[in-house]
There are 2 protein chains.
Amino acid sequence: MKSEFNFRERCHEYGLAATHQRLVIYETVRSLHGHPSPEIIYAKVRKKLPSISLATVYKNLHTFIASGMLREVSLHRGSLRVESNQEPHHHLVCTRCRSITDLDEEGIDPVRLRHKLPPGFLVSRIAVDVLGVCPKCSGRSRNSF
Amino acid sequence: MKSEFNFRERCHEYGLAATHQRLVIYETVRSLHGHPSPEIIYAKVRKKLPSISLATVYKNLHTFIASGMLREVSLHRGSLRVESNQEPHHHLVCTRCRSITDLDEEGIDPVRLRHKLPPGFLVSRIAVDVLGVCPKCSGRSRNSF
DNA sequence: CTAGATGCAAACAGTTTGCGTCACT
DNA sequence: AGTGACGCAAACTGTTTGCATCTAG
């Protein structure tokens, strides 16, 4: 199986044990469409591995994300945050510590859309996140973006 | 107080009672810097209103966000989501139902940065969210973006 | 006066942790 | 053989809900 070979290779690259559970979790994510949650992934993985635990799914999703084998939809998950800055602005986000800094709008050219959006979708604004590693975090540790 | 006047006006505009708690919560958010969480806001509001409850803070933050008086940092909060689509892409996000659709990268001009970023910040990529109201949601109901 | 707002406590959902056992390398 | 992964259950965090009481309009 080609993708399994690729999987083992990438695990080796990051010093991860290529366990059966990991393989199934990884291939399940790739087989799902959209932006699946841990629960959804767990439900599908369970069909192949009925005794797997949800904790294992969580641990491995984090492992994959930290290694760069998978990406999360947004770094802004977690608790609710409100904007105290009421001016239009964008965000500079550290992929390691998740800190957020405001970037005023003029520093970024207005984003232009050349998309055929779904008919009837009413665009209200465009949010830009500049992702990377902040000065404080550019010491050691793994990737995560 | 000018800002209080403005507050009462905006509440009236949305049919919200201009309670003392609401005023303090609103002004507290405006007085904080960055991207405060409900707990942080609660802690500061409590100094003026020692008997306020955390539930009231939550309820009112939601009220303000739904009315457009405040904005949340990201629509992607909540549970962890992973990308099943491994190609570089952007997102089309509905501000009402929070559904996410992928937009392939070519439909959006590469974003150019003209910012003086904090020295030492290493940019890895730029994420664009096109926000608006999806066809399914453009029936009734309030704003929230 | 009355609809809607507050405060409290209990319930919830999603996620993490500690620990004994098991399996890659 | 040893380090790291697994599975389980319990703990936690952030958030929501139901309900009795209060208050702005």
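In the text below, chain A, chain B and the rest are named by the order of the sequence lines, each starting its count at 1.
Protein atom CD of A/Glu72 is 11 Å distant from nucleotide atom P of C/dT15, rounded to whole Å. C/dA5 atom P lies 8 Å from atom CG of B/Asn60, rounded to whole Å. Atom CZ of B/Arg77 and atom C1' of C/dG14 are 13 Å apart (whole Å).
B/Leu80 contributes atom CG, which lies 6.0 Å from atom CD of A/Glu72 (distance to the nearest 0.5 angstrom). Summarising the geometry, atom CG belonging to A/Asn60 is positioned 11.0 Å from atom CD1 belonging to A/Ile41; distances are rounded to the nearest 0.5 Å. The line from CZ of B/Arg125 to CZ of A/Arg71 is 3.5 Å long, rounded to the nearest 0.5 Å. Between atom CD of residue A/Glu13 and atom OG of residue A/Ser67 there is a gap of 8.5 Å, rounded to the nearest 0.5 Å. Rounding to the nearest 0.5 Å gives a distance of 11.0 Å between OH of B/Tyr42 and OH of B/Tyr58. Atom CZ in B/Arg30 sits 8.5 Å away from atom CG in B/Leu70 (nearest 0.5 Å).
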>> What does the B/S/- profile of nucleotides 19-25 of chain C look like, 5' to 3', with a 4.0 Å heavy-atom cutoff to protein?
In response: -----SS
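For DNA chain C, the residues of residues 38-45 of chain A within the heavy-atom distance limit of 4.0 Å (strictly under) are A/Pro38, sorted by number. Heavy-atom distances under 4.0 Å link DNA chain D to A/Ser51, A/Ile52, A/Ser53, A/Ala55, A/Thr56 of residues 48-57 of chain A, given in residue order.
Side-chain contact check for B/His90 versus B/Val130: every heavy-atom pair is 4.5 Å or farther apart.
With sequence neighbours excluded, the residues forming a side-chain contact (heavy atoms from CB on, under 4.5 Å) with A/Lys136 are A/Cys134, listed by chain and number.
In this structure, A/His62 does not reach the C/dT15 phosphate: none of its side-chain N or O atoms is under 4.0 Å from OP1 or OP2.
For the pair A/Cys137 and A/Cys94, the tightest heavy-atom approach, listed with the atom from each and the gap, is SG-SG, 3.8 Å. Across all their heavy atoms, A/Thr28 and A/Ser31 have their closest contact at O-OG, 2.8 Å.
Other residues, nucleotides and ligands contribute only 12 or fewer heavy atoms inside 6.0 Å of the CZ atom of A/Arg112.
Checked by atom type and distance alone, the side chain of B/Arg81 pairs as donor or acceptor with a backbone atom of A/His35 at under 3.5 Å.
When each of B/Arg22 and B/Gly78 is assigned the nucleotide of DNA chain C bearing its nearest heavy atom, the one mapping closer to the 5' terminus is B/Arg22.
For DNA chain D, the contact window with chain A, defined by any atom under 4.0 Å from a protein heavy atom, covers D/dA5 to D/dT15 in 5' to 3' order.
Within the structure, ring pair (Phe, Tyr, Trp, His ring centres under 6.0 Å) pairs that include any residue of residues 62-83 of chain B comprise B/Tyr26-B/Phe64 (at least two apart or interchain).
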